[in-house]
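Since the structure comes first, as structure tokens, the remarks are kept for the end.
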Amino acid sequence: MTPSVAPASEPVPAPRSLWSDLISLTKPRIISLLLVTTIAPMFVAGRPSLATVLWVALGGYLMAGGANAVNMYLDQDIDDVMARTKLRPIPSGRMEARAVIAFGVGIATAATWLLATFVNILTAALALGGFYFYVFIYTRWLKRSSPQNIVIGGAAGAFPPLVGWAAVTGSLDLTALFLFLIVFYWTPPHFWALALNKQRDYGNARVPMAPLVWGERETIAQMWWYTVLLVGLTVIPVAFGALGLVYLVSALLLGGLLLHGVWRVKTASDYVKPAWWVYGYSLLYLALLFVAMVIDHAV
Amino acid sequence: MPSLLITVIFWAAVAAVCLAQVMILRSTRRVLRAAAPARPALEWGFALVPALVLAVVLLASWRAAVRPPVLEFSVPAAPGELRS
């Protein structure tokens with residue numbers, strides 16, 4: 001790996017309240033997608049009560065928010081050298097690191113109790129498993145040691161569908177496993193689209209993202225094949241009757257657009273714009289794919 | 001949906017998934033040769049574990065989707081074998 005040493009640009013910090021800092025520690029924009037991939041499977045698995053949906057949404061938010069806060073505690077050194085993360089509460093000096101980890105562990109503990117008490121033990125165990133995987137396997141171990149950090153680390157973001165499924169059925173089955181794999185295989189092309197355009201940031205922080213270690217060409221080639229694998233995987237549940245025609249058409253259309261975007265990254269002379277497009281669209285893709293599952297079950 | 005369509009969808013998807021997984025492993029072999037990581041076995045593990053999980057899941061989905069039905073026969077018991 002040959003990280004560049006160009007300094008991160010100096011963003012101007014704006015004054016913020018403690019409340020807004022606490023909310024920002026949870027990374028609410030990321031959690032909104034996690035909640036879609038948690039709650040949509042509940043309606044594919046069965047007919048959850050409103051109370052169950054609300055408890056899972058609250059517990060899921062707190063657990064993911066806790067993991068994100070602990071991540072900011074563990075990554076405070078690299079957040080300080082990356083322009084993208086320099087304004088977070090710890091590197092900007094607005095919050096003490098110890099307060100951040102106490103907050104993260106506190107809300108994750110509350111989430112575990114809440115899910116175990118008001119939903120079921122399996123749901124709480126899976127949510128806690130996702131927390132530990134994100135904190136220890138991804139953030140603590142893989143993120144700084146392997147260019148495949150987000151390949152294996154992607155499993156952390158794939159726990160939410162299992163959580164939602166278990167909340168309704170009290171168990172896991174083949175369909176739940178497919179939902180897990182869809183998010184797992186969605187992660188590499190999504191994050192490598194960002195990493196391609198943020199190589200300087202990752203280089204400054206000495207995070208061995210694939211484009212820095214493998215090179216852009218090989219990373220883009222793997223983005224393409226991960227996307228092909230993902231789109232193939234999304235239609236298989238139709239074959240064993242878990243999902244129907246509405247979902248099939250949606251998966252093919254949404255997947256076709258994602259393939260087109262990644263192909264543009266692969267073939268364009270300058271990948272910057274197509275990669276930003278793939279990064280943004282892939283977020284929408286995952287959300288709409290899970291919404292399509294719900295609609296398919298409703299019609 | 002017609003069973004022929006379901007069979008076509010299944011095998012087309014499985015073919016795409018398998019081809020993509022093979023190409024990912026080939027690419028991983030190239031980058032591991034070029035980059036010479038400190039722990040090549042571990043890096044290989046990171047590439048192979050998802051591939052193995054995928055193989056198991058595809059097998060399970062084949063069993064659920066297009067496996068030929070197992071014929072089950074129930075032979076009525078002879079009157080002498082009935083016990084009250």
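Each chain gets a letter, A, B and so on, in the order its sequence line appears, and its residues count up from 1.
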- Query: Do V31(B) and V213(A) pass the side-chain contact (heavy atoms from CB on, under 4.5 Å) test, and can you show the C-alpha distance, the side-chain angles, and the key distance before you say yes or no?
  - Reply: CA-CA 9 Å; V31(B) 296; V213(A) 182; over 6 Å; no
- With only heavy atoms counted, which part of A12(B) is less than 4.5 Å from chain A, the side chain, the backbone, both or neither? neither
- Comparing V238(A), V235(A), L229(A), L245(A) against chain B, the one with the most heavy-atom pairs below 4.5 Å turns out to be L229(A)
- Query: CG/L42(B) to CD1/I152(A) distance, rounded to the nearest 0.5 angstrom?
  - Reply: 9.0 Å
- Item | A60(B), part contacting chain A, at a heavy-atom distance under 4.5 Å | both
Please report all inter-chain donor-acceptor pairs (under 3.5 Å) between chain B and chain A, with distances to 0.1 Å.
unit_1 : atom_1 : unit_2  : atom_2 : d
Q21(B) : OE1    : Y185(A) : OH     : 3.3
S27(B) : OG     : E218(A) : OE2    : 2.8
S27(B) : OG     : Q222(A) : NE2    : 2.9
T28(B) : OG1    : Q222(A) : NE2    : 3.3
R30(B) : NE     : E218(A) : OE1    : 3.3
R30(B) : NE     : E218(A) : OE2    : 3.2
R30(B) : NH2    : E218(A) : OE2    : 2.7
E43(B) : O      : Q148(A) : NE2    : 2.8
E43(B) : OE1    : S146(A) : OG     : 3.0
E43(B) : OE1    : Q148(A) : NE2    : 2.9
E43(B) : OE2    : S146(A) : OG     : 2.9
P50(B) : O      : Y185(A) : OH     : 3.3

- Item | Closest heavy-atom pair and its distance - V17(B), G232(A) | CG2-C, 3.7 Å
- Message: Using the ring pair (Phe, Tyr, Trp, His ring centres under 6.0 Å) criterion, which residues pair with F191(A)? Sequence neighbours excluded.
- Response: none
- So, the part of L32(B) with a heavy atom under 4.5 Å from chain A: the answer is neither
- Quick one: list whatever passes side-chain contact (heavy atoms from CB on, under 4.5 Å) with V57(B), sequence neighbours left out. L174(A), L177(A), F178(A), L181(A), V53(B)
- Query: With sequence neighbours left out, what residues match F133(A) under ring pair (Phe, Tyr, Trp, His ring centres under 6.0 Å)?
  - Reply: none
- How long is the span from the CG atom in L5(B) to the CG atom in L248(A), to the nearest 0.5 Å? 7.5 Å
